[in-house]
Amino acid sequence: MRIGQGFDAHKIIPGKGMILGGVEIISDYSIEAHSDGDIILHALSDALLGAAALGDLGKFFPSEDVKFKNQSSRIILRNVAQKVYAEEYKIENIDITFIGEQPRLNKFINLIRQNIAEDLNIDINQVSCKATSTDGLGYEGALLGVSCHAIVLIK
């Protein structure tokens with residue numbers, strides 16, 4: 001068994017919404033990013049790569065490469081999954097925590113879990129996704145950014 005941990009954070013700016021966990025969410029804020037800015041799938045992809053000791057997301061999808069501009073993070077996650085599965089690993093479970101004041105994710109959690117399960121070809125019960133705020137503390141609380149932690153167990 002191997003454990004991988006991933007983290008991503010991005011600045012948020014006034015906007016019309018963001019993509020989180022492959023779900024387009026209407027919001028007063030957007031994520032400033034090179035790709036679609038889906039920090040949930042970025043943190044998860046990094047956790048998977050780390051668990052398999054394959055490096056990090058920047059190794060395979062460098063932000064300075066124009067071919068990844070506005071790239072869907074679901075495509076990135078599927079690509080990462082192929083790399084992990086090629087090493088003959090199996091995903092046991094995933095635990096994700098989104099941190100931000102906005103947007104509120106409660107009504108999107110099951111859609112996010114479904115997208116991840118579909119993209120990784122695993123059962124939805126292997127995917128946990130939670131959201132929390134910082135009650136006004138830090139850059140998330142000041143509505144300057146959002147972050148996400150992901151942990152995976154592979155075998």
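The first residue of the sequence shown is numbered 1, and numbering continues consecutively from there.
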Next on the checklist: Ile96 vs Ile112, test: side-chain contact (heavy atoms from CB on, under 4.5 Å). Steps then yes/no.
Outcome noted: CA-CA 10 Å; Ile96 297 165; Ile112 292 168; 5.6 Å; no
Item to check | Side-chain heavy-atom pair Leu20, Phe108 within 4.5 angstrom cut-off | outcome: no
Checklist entry - What are the two closest heavy atoms between Glu92 and Gln126, and how far apart are they? => result O-NE2, 3.0 Å
Checklist entry - With a cut-off of 6.0 Å (strictly less than), are more than 12 heavy atoms of other residues, nucleotides or ligands near CD1 of Ile124? => result yes
Item to check | Point-to-point distance, once rounded to the nearest 0.5 Å, from CD of Glu118 to CG of Leu120 | outcome: 10.0 Å
Next on the checklist: Quick one, Leu77 with Asn115, criterion side-chain contact (heavy atoms from CB on, under 4.5 Å). Give me CA distance, side-chain angles, the key distance, then yes/no.
Outcome noted: CA-CA 10 Å; Leu77 179 61; Asn115 285 344; over 6 Å; no
Checklist entry - Of all heavy-atom pairs between Ile31 and Gly37, which one has the smallest distance, and what is that distance? => result CD1-O, 3.2 Å
Checklist entry - If you look only at pairs with a residue in residues 94-109, which of them pass as a salt bridge (Lys or Arg N to Asp or Glu O under 4.0 Å), with sequence neighbours excluded? => result Asp95-Lys130
Contacts under 3.5 angstrom, residues 135-148 side chains, donor-acceptor by atom type, not counting sequence neighbours:
unit_1, atom_1, unit_2, atom_2, d
Asp135, OD1, Ser133, OG, 3.3
Glu140, OE2, Ser147, OG, 2.6

Checklist entry - Atom CG in Leu41, atom OG in Ser73: separation rounded to 0.5 Å? => result 5.5 Å
Checklist entry - Is Ile99 linked to Val23 within one hydrophobic cluster, defined over Ile, Leu, Val, Met, Phe, Trp and Tyr using a side-chain heavy-atom separation of less than 4.5 Å? => result no
Checklist outcome for this item: Smallest heavy-atom separation, Leu105 atom then Ala131 atom, equals CB-CB, 3.9 Å
Solution key, residues 50-61 side-chain donor-acceptor pairs under 3.5 Å, sequence neighbours excluded:
unit_1, atom_1, unit_2, atom_2, d
Asp56, OD1, Gly58, N, 3.2
Asp56, OD1, Lys59, N, 3.0
Lys59, NZ, Leu54, O, 3.1

Checklist entry - Is there a path of hydrophobic side-chain contacts, each under 4.5 Å between heavy atoms of I, L, V, M, F, W or Y residues, that connects Val84 with Ile75? => result no
Item to check | Ser30 side chain to Gly17 backbone, donor-acceptor under 3.5 Å | outcome: yes
Checklist entry - Once you round to the nearest 0.5 Å, how far does CE of Met18 lie from CD1 of Ile12? => result 5.5 Å
Item to check | Reference residue Ile19; test side-chain contact (heavy atoms from CB on, under 4.5 Å); the match among Asp36, Ile40, Ile25 | outcome: Asp36
Checklist entry - In the single-linkage hydrophobic clustering (I, L, V, M, F, W, Y; side-chain heavy atoms under 4.5 Å), do Leu153 and Ile94 co-cluster? => result no
Checklist outcome for this item: Closest heavy-atom pair, Tyr29 versus Gln102, reported as atoms and distance to 0.1 Å, is CD1-CB, 4.1 Å
Next on the checklist: Once salt bridge (Lys or Arg N to Asp or Glu O under 4.0 Å) is applied, what residue pairs with a partner in residues 7-16 remain, sequence neighbours excluded?
Outcome noted: none
Item to check | Distance-minimising heavy-atom pair for Asp123 and Asn125 | outcome: OD1-N, 2.8 Å
Item to check | Contacts of Arg113 that satisfy salt bridge (Lys or Arg N to Asp or Glu O under 4.0 Å) - sequence neighbours left out | outcome: none
Item to check | Between CD1 on residue Ile154 and CZ on residue Arg2, distance to nearest 0.5 Å | outcome: 6.0 Å
Checklist entry - Roughly how far apart are Leu44 CG and Leu48 CG, rounded to 0.5 Å? => result 4.5 Å
Checklist entry - Do Ile76 and Ile91 belong together in a cluster built from hydrophobic side chains that touch within less than 4.5 Å? => result yes
Item to check | Partner residues of His149 under the ring-ring contact (aromatic ring centres under 6.0 Å, His included) criterion, sequence neighbours left out | outcome: Phe7
Next on the checklist: What's the separation between atom OG in Ser45 and atom NZ in Lys83, rounded to the nearest 0.5 Å?
Outcome noted: 11.0 Å
